[in-house]
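Computed from heavy atoms alone, side chains included, the values below leave out hydrogens, waters and symmetry copies. Throughout, numbering of the chain's residues begins at 1 and tracks the sequence. Bear in mind that the values here come from a model prediction, so they are computed numbers and not experimental data.
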Amino acid sequence: IGSDVERIKVWNSRMQVVWSDRQELIGRDFADNADLRRALAGEIVSKVKVPNKSENLFETGLGRVLELYIPIMRNGALDAIFEVYLNLDTLYEDINIQKNTVWLWVLIAAITIFSLLAGIVGSASRRIEAQTAELLRSEERIRDLINSVKEGIISLNKAGKVVLFNKAAEQMFGYSASEMIGKSPEDLIPPYYRQSYDEGWNLYVRLRAAKIAGKSAHFKGAKKDGSLFPVDVALFVSGTGQNMIGTAIVRSPAKPNPPR
């Protein structure tokens, strides 16, 4: 008998203990045992419980046990009932060991997944940083290129606000880019042109003015000090909807043309 077996009883059909590892139980009957009655009817009965029946005179100190009633049949008739109490401590210890093992593997898996994700995120972050740096370098190269040309370049958004004002435009008009970005270019236009400019820009936005796009026209520009000077202006448009950008290429002609 294994060390996990706490008690063995053998019952006859009259519900009397005819043998037990505990001698004091032999010859006693316990008619109030409902589980024993089920076994007498031929059913194998098993329960996990704390022994608390009247027959458990010597098992009161046990904790939870597995109680088994096994009917023994011979020639179709009930011969005896074996009752066994099995200590579950070993089973629970094994279960706890298995649970701890499972949690350990779960923890290892979680750490592994976290490490993989951290590697993926780190790699993605490095790629994004590299792409951002390359984008910034590209923007810087474009800005340097725009600032290197001798023509003034002034770009406006759909609302008519300045979004680009290059170095040549700064030199022509006397305004810095920081003074013009986000503002209307009205200060660059003689006062007597400003109302017609507003109307013309709104019309240009609505119709995209394909007939004049890219064509040069002669105007006068207004410098920061209030003086006027002749300019040649060519307009271009790109983008659509809210992303539309209008760009003016401004040249100061070597020989002034009659202003319009």
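Using a 4.5 Å heavy-atom cutoff, the side chains of P71 and L40 are not in contact. Contact annotation: the side chain of W11 approaches that of L36 to within less than 4.5 Å [non-hydrogen atoms, C-beta and beyond]. At a threshold of 4.5 Å between non-hydrogen side-chain atoms, the residues Y175 and L188 count as touching. Y85 places a side-chain heavy atom less than 4.5 Å from the side chain of K9. Side-chain contact check for L68 versus F82: every heavy-atom pair is 4.5 Å or farther apart. Side-chain atoms of F229 and M172, non-hydrogen and from C-beta on, do get closer than 4.5 Å to each other. Using a 4.5 Å heavy-atom threshold, the side chains of I181 and V163 count as separate.
I72 and W19 fall within a single hydrophobic cluster, where Ile, Leu, Val, Met, Phe, Trp and Tyr are joined by side-chain heavy atoms under 4.5 Å apart, directly or via other members.
The CD1 atom of I154 sits 7.0 Å away from atom CE of M180, with the distance rounded to the nearest 0.5 Å. The distance from the CZ atom of R38 to the CD1 atom of I81 is 12.0 Å, given to the nearest 0.5 Å.
Using a 4.0 Å cut-off between a side-chain N of Lys or Arg and a carboxylate O of Asp or Glu, R141 and E134 qualify as a salt bridge.
In this structure a side-chain-to-backbone donor-acceptor pair under 3.5 Å is present from D21 to I8.
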